[in-house]
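Below, chains carry the letters A, B, ... as their sequence lines are ordered, and counting in each starts from 1.
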Protein chains: 2
Amino acid sequence: MDDLFDDLDRSSPVPLYFQVARQIEQAIEVGKLPPGSRLDNEIHLADRLGLSRPTMRRAIQQLVDKGLLVRKRGVGTQVVHGQVTRPVELTSLHDDLAAKGQQPTTKVLVHEVVPAPGEVAASLTVPEGSPVLHLRRLRFSADEPLAVLENWLPEPFTDLTASSLAERGLYQLLRSRGVGMRVARQRIGARRATAEECSLLDETRGSPLLTMERATHDDSGRAVEWGRHVYRASRYAFEVTLVDR
Amino acid sequence: MDDLFDDLDRSSPVPLYFQVARQIEQAIEVGKLPPGSRLDNEIHLADRLGLSRPTMRRAIQQLVDKGLLVRKRGVGTQVVHGQVTRPVELTSLHDDLAAKGQQPTTKVLVHEVVPAPGEVAASLTVPEGSPVLHLRRLRFSADEPLAVLENWLPEPFTDLTASSLAERGLYQLLRSRGVGMRVARQRIGARRATAEECSLLDETRGSPLLTMERATHDDSGRAVEWGRHVYRASRYAFEVTLVDR
DNA sequence: CATGTCGATTTGTCTTGACATATGCTTGAC
DNA sequence: GTCAAGCATATGTCAAGACAAATCGACATG
């Protein structure tokens, strides 16, 4: 119980509250903090680590936001019951698959710069008719078709090459160009597959597909990407964690 | 620009950071702060309102978490581009429909206390075979069938009556009993409707349905509810906002 | 003209200290 | 024995100040 924490590295560029949060998270993962167990109170913990209470609070808050801990005033902080959970983050399908050890591959079906149609222009908040990069990609996981990804990107991202998109994920490419993606709004629904989608995805006629529309904004508030994706329902599902504060 | 803020009520039980966040949010809604506009820096704002900087920061952070604002070090805080957004919260279908002005109605199909089957027991973290309330409800919106909701609840919630469930939503009933729901983990997928679901939901054979599994935990970390819901894809979709921090 | 350096600006991180308030247990009165 | 008051405990809210680090524009230098 006492050796829950390694020493902190105050010279590291990683913030202290983040280091602490990661250590608590690991303690939960390896079972040192079983579900339902209570943490020491904030002041004790802060003392033991030589931190101020706000910093300690921030570390705990980060895990509360992730859905790993719950707090109740006058009582304390406890580990949430329930099985292992991968918290939802601002990731892409490519990221998710790579993290799971699968090796996603991509086939670029459409790669063209076109004048923005009305709906796309509205979602990206660019003038109608301004040049946008239109992408349509087929994503495989373990050599099985998984999803059809259709995206539109405004200036200055219209110069992404088809070959780079075949090699790496869209989010990866954007991040390596210094784009700081911050907010994404998604709408998740379902519908039947069209005949074309069936042949692309190796599904039978009328199979149910999971659909997602997503608009992603960067740290300046500008739209970076708008997309309409369809996933094989037989092989994919979304996981979301909601936290009330 | 100067009269962005009403006076704050320091005697109110509503926290100051919350009052400030609400006022900024309203300023965005009514267009006083158009998309892309920059806020004053934190120190000025805090000064003008007679607040400390941490309190001001917390107000802003709340809106960043909601996806309304983005911050960039060395630059400032800006309003996100894009259309109006309903933030995601820990709500139920009944809440959502009621908030939209629709009047949800419910028909209780199954209402029984049974020994917890294995899968249910695992999700609720109760012993297998312990008594749980098994519910199956048909939810209507504007007299149209919308979803089939199947839920299991552990002690001490097995005494909810069928008549109260026909009148009010499950989350409403739990809240009125003092249950503080904090964390919910959802898994969203899709599949074809079964023959029985078709007749209940007035859909044609093999129609695509949106599926959701959800486990809800209270502020003590205990499981409150586990459910498996199906929605008519033709009439419902999930909206999610993701924020990277 | 290109490049790099410097400085002003703004958010990010961290500390110390204080008081408020919800919770649950203990204690005491009836 | 039951119920209420009170107390200890823990998180929630708020303040004031300090330094770090990223960004961007202006200016100087090659």
Next on the checklist: B:Leu51 vs B:Leu8, test: side chain to side chain contact (heavy atoms under 4.5 Å, CB included). Steps then yes/no.
Outcome noted: CA-CA 10 Å; B:Leu51 295 171; B:Leu8 299 174; 3.9 Å; yes
Checklist entry - Can you name the nearest heavy-atom pair linking B:His111 to B:Leu160, along with the distance? => result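 Answer, listing the atom of B:His111 first, then B:Leu160: NE2-O, 2.7 Å.
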Checklist outcome for this item: Of all heavy-atom pairs linking A:Leu45 and A:Asp40, the shortest is CD1-O, 3.4 Å
Nearest-Å distance, [atom1] ([X]) to [atom2] ([N])?
| X | N | atom1 | atom2 | result |
| --- | --- | --- | --- | --- |
| A:Ile60 | D:dT13 | CD1 | C1' | 16 Å |
| B:Asp219 | D:dG12 | CG | C1' | 14 Å |
| B:Leu45 | D:dC14 | CG | C1' | 17 Å |
| B:Glu42 | D:dA15 | CD | P | 14 Å |
| A:Asp47 | D:dA10 | CG | P | 13 Å |
| A:Ile43 | D:dA8 | CD1 | P | 15 Å |

Checklist entry - Which class fits the ring pair A:Trp226 and A:Trp152: parallel under 30°, tilted 30 to 60°, perpendicular over 60°? => result tilted
Next on the checklist: Is the shortest side-chain heavy-atom distance between B:Asp9 and B:Val14 below 4.5 Å?
Outcome noted: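 Result no, sub-4.5 Å side-chain heavy-atom pair not found.
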Checklist entry - Any side-chain heavy atom of A:Arg71 sitting closer than 4.5 Å to one from B:Asp219? => result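 When only atoms from C-beta onward are counted, B:Asp219 and A:Arg71 do not touch, as no gap falls below 4.5 Å.
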Item to check | Of all pairs that satisfy salt bridge (charged side-chain N to carboxylate O under 4.0 Å, His left out), the ones with a partner from residues 52-61 of chain B, not counting sequence neighbours | outcome: B:Glu42-B:Arg53, B:Glu42-B:Arg57
Checklist entry - Is B:Tyr17 near enough to D:dC14 that one of its side-chain N or O atoms lies under 4.0 angstrom from OP1 or OP2? => result no
Next on the checklist: OP1 or OP2 of D:dA15 versus the side-chain N and O atoms of B:Arg58: is any pair under 4.0 Å?
Outcome noted: no
Next on the checklist: With a strict under 4.0 Å distance from non-hydrogen atoms of chain B, what nucleotide opens and what nucleotide closes the contacted stretch of DNA chain C, reading 5' to 3'?
Outcome noted: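 The footprint of chain B covers C:dT9 to C:dT13.
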Next on the checklist: Please report the end-to-end axis angle for the helix from C:dC1-D:dG30 to C:dC30-D:dG1, five pairs per end, rounded to 10 degrees.
Outcome noted: 10°
Item to check | Annotated protein contacts, base or backbone, on nucleotides 16-21 of chain D with a non-hydrogen cut-off under 4.0 Å, one of B, S, - each | outcome: B-B--B
Checklist entry - Would you say A:Asp218's side chain and A:Arg222's backbone share a donor-acceptor pair under 3.5 angstrom? => result yes
Checklist entry - So what does B:Arg57 touch, heavy atoms closer than 4.0 Å: a base, only the sugar-phosphate, or nothing? => result base
Item to check | salt bridge (charged side-chain N to carboxylate O under 4.0 Å, His left out) partner of A:Glu225, chosen from A:Arg214, A:Arg185, A:Arg175 | outcome: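 Single salt bridge (charged side-chain N to carboxylate O under 4.0 Å, His left out) partner of A:Glu225 among A:Arg214, A:Arg185, A:Arg175: A:Arg214.
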Next on the checklist: Going by side-chain hydrogen bond (donor to acceptor under 3.5 Å, both in side chains), name the residues that satisfy it together with B:Ser164, two or more places apart in sequence or in a different chain.
Outcome noted: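 Result, side-chain hydrogen bond (donor to acceptor under 3.5 Å, both in side chains) vs B:Ser164: B:Thr161.
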Checklist entry - Can you tell which of D:dC24, D:dA15, D:dT11 lies closest to the side chain of B:Thr55? => result D:dA15
Item to check | salt bridge (Lys or Arg N to Asp or Glu O under 4.0 Å) partners for B:Glu128, two or more places apart | outcome: none
Next on the checklist: Could you check whether B:Arg228 pairs with B:Glu150 (Lys NZ or Arg NE/NH1/NH2 to Asp/Glu carboxylate O, under 4.0 Å)?
Outcome noted: no
Next on the checklist: Closest-nucleotide mapping onto DNA chain C: is A:Pro15 or B:Leu39 further toward the 5' terminus? I mean the 5' end.
Outcome noted: B:Leu39
Checklist outcome for this item: The answer to which of B:Lys72 and A:Gln61 contacts DNA chain D further toward the 5' end, by nearest nucleotide, is A:Gln61
